[in-house]
Enquirer: 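Here you go, one structure.
Atoms within a ligand are numbered from 1 in the order they appear, just like the ligands themselves.
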Amino acid sequence: MELLNGNEVSKKIKLEIKEKVITLKSQGKKTPHLAAILVGSDGASMTYVAAKEKDCMEVGFDSTVLRFDANLSEEALLEEVEKINNNPDIDGLIVQLPLPKHINEKKVTETISYKKDVDGFHPMNVGMMFKGLKTFLPATPYGIVKLLEHYGVETNGKHCVVIGRSDIVGKPMSALMLQKNCTVTVCHSKTKSVKDFTLQADIIIAAIGIPGYLTADMVKEGTVVVDVGITRVEDATAKSGYRLKGDVDFENVAPKCSYITPVPGGVGPMTRVGLLLNTLDAISLYSK
Ligand code: GUN
């Protein structure tokens, strides 16, 4: 069993991005600029946005964070999005989710210009991704593909079982694995006997959000297991009072695997890199 070490691979990719930014600058081209909008003070969201700012600094991107009170109106938020859409200095925009209840998330994500939609949530980008056209990819699936490529995990003709069908992970992940010549099965909360499918899998991507869901009896010897779960579970011994638990019963599943991602340190850092890669891609795709 070998660990798919997202911490290590993300460091290496960040160095490559940093080099590319230096080259862009030396050619007199634009420095990639990521903007993030944060509404309210949800703890996890504040942590994510701060991490994105730090990542941008590390690779030499410009970064702007706009922070607003939770009572910001939907109309005012849409205006802010439009301002950024029309600001040629900003290449990528994310509006951190979840948004307060009175704001329609769908309306907001669809107002972000698809040319700046580095989350890859806009229907235009979803469509382009499904067609295999070059566009922004949702950060987690993008990061997972990069991680599998780094370790030379064979995908041609392999059976990949994706557990979960969210718009952010499950659905795009299945499209990307199909493009990598896997036979893809998508299991979800209504699937009867998920185990019947996972036992046939060469690659399992668990993105269902139930801690410890994938147990050793569901996995055959030699499987590649990618764990997308990051549920906070209470842990009095941790400084924060919680620890992150994945969708995989790591301790018992890992000995059966050829490769497996740890939680934390597997998919999480690769998601962060996915966003940086999209922001870099924004320059070649849309910067004049
Ligand atoms: N909240 C949790 N994950 C994400 C993400 O990938 N993008 C945005 N914008 N918000 C999130």
Enquirer: If the plane angle is over 60° it's perpendicular, under 30° parallel, otherwise tilted; pick one for Tyr114 and His122.
Expert: tilted

Enquirer: Under a strict 4.0 Å criterion on non-hydrogen atoms, which protein residues are in contact with ligand 1?
Expert: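 For ligand 1, the residues that come within the 4.0 Å heavy-atom cutoff are Val95, Gln96, Leu97, Asp119, Phe121.
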
Enquirer: Show your reasoning for whether salt bridge (Lys or Arg N to Asp or Glu O under 4.0 Å) applies to Arg243 and Asp235.
Expert: CA-CA 6 Å; Arg243 69 189 161 84; Asp235 182 350; 3.2 Å; yes

Enquirer: Which of these, Lys12, Lys14, Lys20, sits in a salt bridge (charged side-chain N to carboxylate O under 4.0 Å, His left out) with Glu16?
Expert: Lys12

Enquirer: Find out whether Lys171 and Met129 are in side-chain contact, i.e. whether some heavy atom of one side chain is under 4.5 Å from a heavy atom of the other.
Expert: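 No, every pair of side-chain atoms sits at 4.5 Å or beyond.
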
Enquirer: Run the salt-bridge test on Lys83 and Glu79 with the 4.0 Å N-O cut-off and return the result as yes or no.
Expert: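 So Lys83 does not pair with Glu79 through a salt bridge.
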
Enquirer: Indicate whether the side chain of Thr31 and that of Asp62 have a donor and an acceptor atom separated by less than 3.5 Å.
Expert: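 No, no side-chain donor-acceptor contact under 3.5 Å.
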
